[in-house]
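A short worksheet on the structure shown next.
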Amino acid sequence: MSTTTPAVPGQASVPPPAGPVGGAAAAPRVLRQRRRRPGLIAMSVALIAAGGLSGALLFTASGQRTAVLVVARDVPAGAPITDTDLTTASLALDPAVKAVPAAKKSGTVGQRAAVALQAGALLSPSQVTSVSLVKPGEQLVGVALKPSQLPASRLAPGQQVLIVSTPDTAQAAGGKPVEGAAGAAPKTLAATVVAVGLPAPATGVVVVDVAVPASDGPALAARVATGAVALILAAREG
């Protein structure tokens, strides 16, 4: 006599495997149906959409570039900035980075470097100044110096120096008193370096523009014409 198992709602009945002839029938397997959770599915879809949106926004932000000014060649502190000293570049910048827009190049040219500018560096507004190293009541005098008349250290605008009067060979030959002779203190004049020229190819002579009090400018220019001067770096304060 065979028995039939009644069907249970929500369950699928599987027919029993064929057993040996004349053997007892195996009990049917019952498979449980997985419950679908609509809330969990909706949350997963929302997270995937949010991740895609964040990635799109990040990609868009990284693609926004700004044209800014970049230093094309080294510029010493205090030197005027020329058109060839600057170039432009298109960069993706962090909002915290302060840079000079390329549109302000014309207004930047002619100003002075507040600090020494290095080639390839991004130009920031704090590195540029309109203040001149020649103060009111001063004059600018060019001093031509041979390599033996100035320090081997590279001079830079803004440095404090002393212009020293050296013995005049013409006066020494005529038996006249010589400034800087043995036992006499040489005459010096405090000055500020404004610009440093390039050494002459043949002689190595360098012209250094210095700012001095207006009352001393003519005398210094006359002394420079004789070549009887030398330049030394003043001691740093502190």
Side-chain angles (χ1 to χ4, degrees), residues 71-85 109-119 121 126-238:
V71 182
R73 59 181 183 179
D74 293 347
V75 181
I81 299 175
T82 64
D83 184 75
T84 55
D85 293 333
V109 172
Q111 297 194 48
R112 296 183 180 274
V115 297
L117 305 180
Q118 302 295 327
S126 61
Q127 295 176 328
V128 180
T129 180
S130 58
V131 178
S132 175
L133 293 178
V134 182
K135 301 176 182 178
E138 294 182 337
Q139 290 181 341
L140 189 66
V141 180
V143 182
L145 301 166
K146 299 177 183 179
S148 60
Q149 294 174 297
L150 75 166
S153 300
R154 184 178 179 181
L155 297 175
Q159 287 181 318
Q160 300 299 314
V161 297
L162 293 176
I163 308 297
V164 183
S165 296
T166 58
D168 192 328
T169 55
Q171 290 183 354
K176 298 180 180 180
V178 178
E179 292 182 357
K187 186 177 181 180
T188 62
L189 177 62
T192 302
V193 177
V194 175
V196 182
L198 297 176
T203 62
V205 172
V206 176
V207 177
V208 181
D209 289 345
V210 296
V212 297
S215 57
D216 297 321
L220 176 60
R223 191 65 179 173
V224 170
T226 67
V229 293
L231 184 146
I232 63 176
L233 284 173
R236 295 183 180 179
E237 296 181 359

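Although no hydrogens or angles enter the test, the distance criterion places a donor-acceptor pair under 3.5 Å between the side chain of D74 and the main chain of A119. A donor-acceptor pair under 3.5 Å is absent between the side-chain atoms of T188 and the main chain of I163, judged by distance alone. Judged purely by atom type and a 3.5 angstrom limit, Q160 has no side-chain atom pairing as donor or acceptor with the backbone of A190.
Residues Q111 and V128 approach most closely at OE1-CG1, 3.3 Å, considering heavy atoms. Closest heavy-atom contact between V224 and G142: CG1-O, 3.8 Å. A pairwise comparison of heavy atoms in P199 and G204 identifies CB-O, 4.0 Å as the closest pair. Here the closest heavy-atom approach between residue I81 and residue L117 is recorded as CD1-CD1, 4.2 Å. Heavy atoms only, all atoms of each residue included: P218 and Q139 are closest at CD-OE1, 3.6 Å. When all heavy atoms of P186 and V164 are compared, the closest pair comes out as CB-CG1, 3.8 Å.
Between L155 and L233 there is a side-chain heavy-atom pair separated by less than 4.5 Å. Looking at heavy atoms from C-beta onward, T82 lies in side-chain contact with R73 at the 4.5 angstrom threshold.
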Mind running side-chain contact (heavy atoms from CB on, under 4.5 Å) on V109 and D85 for me, showing each step along the way?
-> CA-CA 9 Å; V109 172; D85 293 333; over 6 Å; no

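Q159 and T192 share no side-chain donor-acceptor pair at under 3.5 Å.
Summarising the geometry, atom CG belonging to L220 is positioned 11.0 Å from atom OG belonging to S215; distances are rounded to the nearest 0.5 Å. Taking CG from L189 and CG from D216, the interatomic distance works out to 5.0 Å, rounded to the nearest 0.5 Å. In this structure, L162 CG and I232 CD1 are separated by 4.5 Å, a value rounded to the nearest 0.5 Å. The structure places CZ of R112 at 9.5 Å from OG1 of T129, a figure rounded to the nearest 0.5 Å.
A side-chain contact (heavy atoms from CB on, under 4.5 Å) with K146 is found for one member of T203, V205, V206 and no other, namely V205.
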